[in-house]
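These notes are about the structure you will find just below.
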Amino acid sequence: MCSLALFPPPLPSGQTTLCESNNELLSGATTEDRLKQSSPLSLYFPRESLKLHSRTESSSKAAFLDHSETLWMRMPKCLSVSSGCILALLRKISSFHGSLFPHLTVSCARWSDCVVRAFAWHPHTDKFAVALLDDSIKIYNPKSVTTPTLKHRLQRSVAAVQWKPLCASALAVACQNCLLVWHVDPCSLSTRPSSGCAQVLSHPGHSPVTSIAWSPSGSLLVSASPMDTAMMVWDVASESCVPLQRVGGGGVSFLSWSPDGSHVLASTPSALFRVWETRMWTCERWPCVKGRCQSGCWSPDGSRLLFTVLGEMVIYALTFTDTPAGVPTSTSKGPQAAAVVADLSETTFNTPNGDVIIGGEIQSLAWDPTGERLAVLLKGDPQAADRRPAIIAVFKTRTNPIFELLPCGFIQGELGAEPRLMQFHPNFQHGALLTVCWSSGRITHVPFYFMGAGVPHFGLSGSPSVPRPQAGPADFSNHSLFTELIS
Amino acid sequence: MFSAEQSCWFVRKVICWRAAASIAWAVLLLPPITAVFVILSKFSLLHPIQTISECLSLLTSASAVFSLILLCGVILMVGFLNLEYYTVIPTIACSKIALLGQLLHPRQLVNSLVHCIMGIIVAWCCAITIGGRYETLGYPCSNCPFVFNSDSSPQMCLNEYHLILLLAGAFVGFSYSLLGVIHNMNYVSFHTVQQYKYLRFKGSLPLVVKCSATQALKSVRNYVVVYLFLGYIPKAWICKTLNLHLNSSAHPLDSIAGLLDFSLLYHLWISASFLLFTWHITLLLFRIFVTEVYSFPVQSSFTEDVHQCLPKVLTDNQPMILKFLALQDLALLSQHSPSRRCEVFSLSQPGGHPHNWNAISKECMSLLADLTQRLVAYHDTVATNGRAKSLSTGSERKTSSETSGTDDLMSPRPTFLMKTPASVFARSIVGGPQSPLTAPFTPDLDSPFASPALRRLTAPVEQCSPWFGTVQSPHVMRRGPKLWSTSTGESRIMEAIRSLRSDTLRSNFNQIELPNIISKASSQALFADSQAHIWALEGLSYLVQASFSEDQFGVVQTTLPSILSCMLVLQEAVDRHFKLPHASSKPVRSTGSMGDSTYKTLRFALRATLKTAIYRITTMFGNHLNAIQMSAEHRKRLQQFLEYKE
């Protein structure tokens with residue numbers, strides 16, 4: 001089993017990770033001029049640059065006369081008292097809501113500090129969408145000078161964005177009360193597409209929408225809300241949806257569609273997650289022992305699922321063997337139990353600046369499309385006495401002939417910035433490119449230059465991967481590895 | 001029609017069995033539904049235990065068993081009507097007159113009548129079950145002072161409560177059949193999300209309950225109003241024919257005071273809900289069973305089974321359901337099943353010909369080419385109409401022949417569109433003189449959509465070639481000579497039409513109707529059968545994508561250029577269509593009805609699928625596509641897709 005003890009020690013403070021080259025992570029000192037001369041896709045959204053809602057409202061208030069008082073005067077006093085009582089009662093009841101449904105408070109605990117709410121690379125081209133705290137979405141494309149800003153009346157508290165595969169223009173946005181599907185014409189020069197370009201998909205009781213996933217074939221969109229026990233499968237063009245409901249779990253908090261399109265991971269706020277098979281939409285139940293499934297990611301060929309559980313510091317793996325195709329009724333016969341593949345419990349590193357403790361709970365996982373690098377975002381605990389920083393640990397992975405995890409290194413940003421979101425570029429030519437959104441509002445890209453070994457090639461989704469020349473025997477062997485055979 | 005369908009092996013072996021299974025399930029579900037109805041109708045909050053014991057004794061009584069048998073008969077009849085009237089291509093009325101024509105069609109009248117009678121039967125069963133004051137039609141009027149009878153049997157009086165329930169059943173049955181036409185209730189749509197039958201049923205059950213209850217509420221509301229004003233007619237008629245008397249001491253129910261009886265209204269509503277729920281459940285089960293995926297063999301080693309194989313079945317045009325299920329199976333196999341894809345790409349054993357692939361790709365491409373033609377023709381008609389409207393009356397001579405297309409557009413016949421093009425056009429020429437006149441009024445299902453623009457397309461090119469749509473770009477076609485106007489026979493027809501058209505009233509009518517014609521409805525009608533095209537696109541694109549790694553013999557390579565140009569031409573036509581007014585306006589989503597409104601959004605689904613299909617191929621093949629022979633215009637278009645700029 002791979003653990004953090006095998007990792008090279010983290011960088012001294014002030015150093016940032018730049019890239020991986022020749023099998024090691026290169027770093028450099030953060031200087032202002034370097035940040036300025038960085039590539040056009042490295043963005044910086046300082047918190048002050050955004051006009052947030054509260055500010056705009058207070059500023060516009062002065063322009064209008066306040067008429068509420070006169071209305072209030074007209075109302076009989078008893079009515080106001082009784083309505084006040086009812087409101088107080090309602091408030092009392094709603095205060096119980098949180099204790100009845102504890103899962104509702106979990107997801108957005110640490111959102112307030114980060115300006116970037118969601119981030120999505122386009123699956124085929126070099127453009128990405130960034131959702132900001134003021135509920136606007138900006139689309140950046142290095143090949144065009146315009147950066148369209150998407151705003152919509154219903155676009156409130158954006159939780160996730162994702163581009164539609166096999167399409168140039170469609171972007172799905174998970175909002176407070178609905179799903180929006182924007183159609184942003186890539187050739188258009190307009191910087192503010194009208195709200196007529198957005199399709200509104202809503203279903204009563206399905207809010208707030210916090211996670212979405214497009215099928216890799218681009219035909220269906222799944223959306224989920226922690227408040228709604230049903231998961232919606234949308235046919236976006238016809239705006240119709242099929243609710244998929246199963247007993248238990250209470251809501252769906254995280255969705256991930258496997259790259260080959262055959263499975264969907266849907267985790268619930270309770271200690272249970274489901275793996276849906278997308279052919280006949282049946283599901284397997286996976287009860288966890290400890291907590292809810294926090295995050296998960298699929299291997300590029302869709303055969304392996306890595307997931308993490310809240311309260312545990314390990315990464316689990318599930319393997320799905322291919323079903324005999326052609327038998328339409330058979331459900332996939334999965335494994336019986338998940339195997340632990342990595343242990344990320346707290347580890348002390350001796351650095352010149354003193355001891356640094358790294359490890360702990362895992363926030364999210366990301367696997368690059370070639371299946372060679374796995375990025376793990378560790379939550380950290382800056383308030384704790386021993387100051388565990390939030391950090392991204394990167395593993396080298398191999399899926400053939402056996403599944404292996406090897407340590408690669410830590411990715412650190414500038415001082416005081418914590419990683420919030422991360423995503424791999426879907427088709428980076430020279431290896432893998434990890435995009436990280438930091439709590440400071442900066443978006444940086446960390447390339448990993450490597451020559452992949454035989455890339456798992458699967459038929460139906462994604463672009464045909466260019467056959468890569470075989471990599472030389474890497475110097476993996478000096479560490480003890482996790483392999484399936486050992487566990 | 002039915003006898004022709006009977007002859008097909010598929011209807012005999014599959015559809016009939018599926019319908020029978022759905023009816024059997026509906027019948028099995030009837031006792032629990034009835035039990036729930038009994039409990040709800042007799043429920044009293046103050047005596048729950050008494051209610052339950054009453055219900056139990058009622059459910060085991062002979063009358064309950066008899067009414068259950070009657071209800072089973074009704075369900076069988078409803079199931080049979082579902083099987084007889086279902087369609088996979090909705091009939092879309094483009095104007096109010098066409099809708100009226102549909103409603104007054106003899107077939108529809110029979111349907112309404114049967115539903116009325118079945119409504120009465122169900123209502124009678126409800127009356128028996130509820131019991132009490134609803135139980136019998138007549139009762140001895142003991143307290144009637146005016147009637148003296150020498151017979152030993154007392155004089156019978158009319159029980160208006162029984163009558164009002166029976167008439168409510170008839171009314172709800174009639175409105176069910178009426179709304180069935182308006183909401184296209186007989187249209188069976190296919191779902192993009194495949195689910196097992198039980199899960200689909202469970203998922204749609206709450207919707208059915210909700211929509212039955214609301215529908216019943218609306219029907220009862222309408223019925224009460226009707227009964228208030230016209231209730232005396234059936235009452236008097238029943239009294240006269242059955243020799244019953246009106247009890248003057250009882251309150252008449254066709255008054256406001258009589259109808260404001262809460263318990264009566266509740267019983268009316270619950271009976272109507274029961275009636276609609278049982279029928280909707282039967283319909284739902286029928287839809288679920290009939291649209292279930294059927295897996296056709298791709299090839300068979302026995303010659304007697306060849307007609308059941310996918311390549312053969314795809315080319316059949318009757319029955320429609322067979323073609324749709326075959327296309328659905330094609331789309332699914334191309335997506336999910338490598339072993340069956342392998343059979344598609346395989347070569348025939350002696351000879352080494354890719355018969356399977358050729359048949360499948362040819363059929364899919366001819367479907368797409370057919371849609372392209374239709375769109376181009378529609379666009380041309382609309383375009384010329386726009387011009388005709390703006391021109392002064394002096395030019396009427398020139399344009400009047402073209403405006404004849406507008407009449408045809410009022411009631412396009414989506415049913416014909418899946419027939420082989422040659423036969424359609426042959427018929428359209430034969431039936432040319434009559435169709436413009438009769439089209440808006442006759443809902444004749446077989447009359448083709450014969451616009452002059454379509455007719456123009458008949459002449460030159462051999463229709464079966466998948467190249468047909470691709471060789472001629474729409475621009476070239478519009479500029480080309482108008483063949484029909486040069487031929488003498490056709491011009492004589494046009495003369496006849498023009499003479500009819502000189503009627504000013506009629507031409508005014510045309511002018512008024514014109515904005516209506518280029519409306520959502522005609523655009524919907526144009527894409528009414530587009531589910532087939534969507535599957536054809538999906539099937540083709542997935543097969544082409546899979547061929548990149550799975551096609552061992554290079555079978556697909558030879559057809560790749562024609563597939564691409566077929567899709568690109570269609571893409572152009574679809575883009576042009578969506579630039580028309582109304583074409584891109586979204587329909588209002590109706591939630592409270594059992595009618596499936598999928599057909600209203602099929603054009604959007606087609607547009608999205610088409611784009612995704614082209615992207616699927618370009619993403620897979622990438623720059624290899626530059627090696628393919630194609631016209632410069634198409635190459636330019638394809639380059640847009642390769643650069644993700646569409």
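Lettering follows sequence order; numbering is per chain, from 1.
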What are the two closest heavy atoms between A:Cys187 and B:Gln640, and how far apart are they?
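Smallest heavy-atom distance, with atoms named: SG-OE1, 4.5 Å.
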Give the minimum heavy-atom separation between A:Ala237 and B:Ala608, together with the two atoms involved.
CB-CB, 3.8 Å
With rounding to the nearest 0.5 Å, note down the distance linking [atom1] in [X] to [atom2] in [Y].
| X | Y | atom1 | atom2 | value |
| --- | --- | --- | --- | --- |
| A:Glu239 | B:Ser597 | CD | OG | 10.5 Å |
| B:Lys600 | A:Ser238 | NZ | OG | 13.0 Å |
| A:Leu166 | B:Thr619 | CG | OG1 | 5.0 Å |
| B:Leu199 | A:Cys283 | CG | SG | 9.0 Å |

What residues, two or more places apart in sequence or in another chain, satisfy salt bridge (Lys or Arg N to Asp or Glu O under 4.0 Å) together with B:Lys197?
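Result, salt bridge (Lys or Arg N to Asp or Glu O under 4.0 Å) vs B:Lys197: B:Glu292.
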In terms of relative ring orientation, are A:His122 and B:Tyr644 parallel, tilted or perpendicular, with 30° and 60° separating the classes?
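Aromatic pair A:His122/B:Tyr644 classed perpendicular.
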Closest-packed option against chain B by number of heavy-atom pairs under 4.5 Å, given A:Val236, A:Asp235, A:Thr278:
A:Asp235
Looking at chain B, which one of A:Arg246, A:Lys143, A:Lys127 has the largest number of heavy-atom pairs inside 4.5 Å, strictly under?
A:Arg246
What pairs with A:Trp281 under side-chain hydrogen bond (donor to acceptor under 3.5 Å, both in side chains), at least two apart in sequence or on another chain?
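A:Trp281 satisfies side-chain hydrogen bond (donor to acceptor under 3.5 Å, both in side chains) with no residue once adjacent residues are dropped.
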A:Val242 and B:Gln194: side chain to side chain contact (heavy atoms under 4.5 Å, CB included), yes or no, with the steps?
CA-CA 10 Å; A:Val242 179; B:Gln194 301 294 324; over 6 Å; no
Which is it for B:Lys202 and A:Gln245 under the side chain to side chain contact (heavy atoms under 4.5 Å, CB included) test, yes or no, and what are the steps along the way?
CA-CA 10 Å; B:Lys202 203 179 77 175; A:Gln245 200 155 20; over 6 Å; no
Working note: B:Gln195 + A:Leu244, criterion side chain to side chain contact (heavy atoms under 4.5 Å, CB included); need CA distance, chi angles, decisive distance, verdict.
CA-CA 10 Å; B:Gln195 275 182 289; A:Leu244 295 176; 3.2 Å; yes
What's the verdict on side chain to side chain contact (heavy atoms under 4.5 Å, CB included) for A:Ser217 and B:Arg616, showing C-alpha distance, side-chain angles and the deciding distance?
CA-CA 8 Å; A:Ser217 63; B:Arg616 192 169 288 139; 3.8 Å; yes
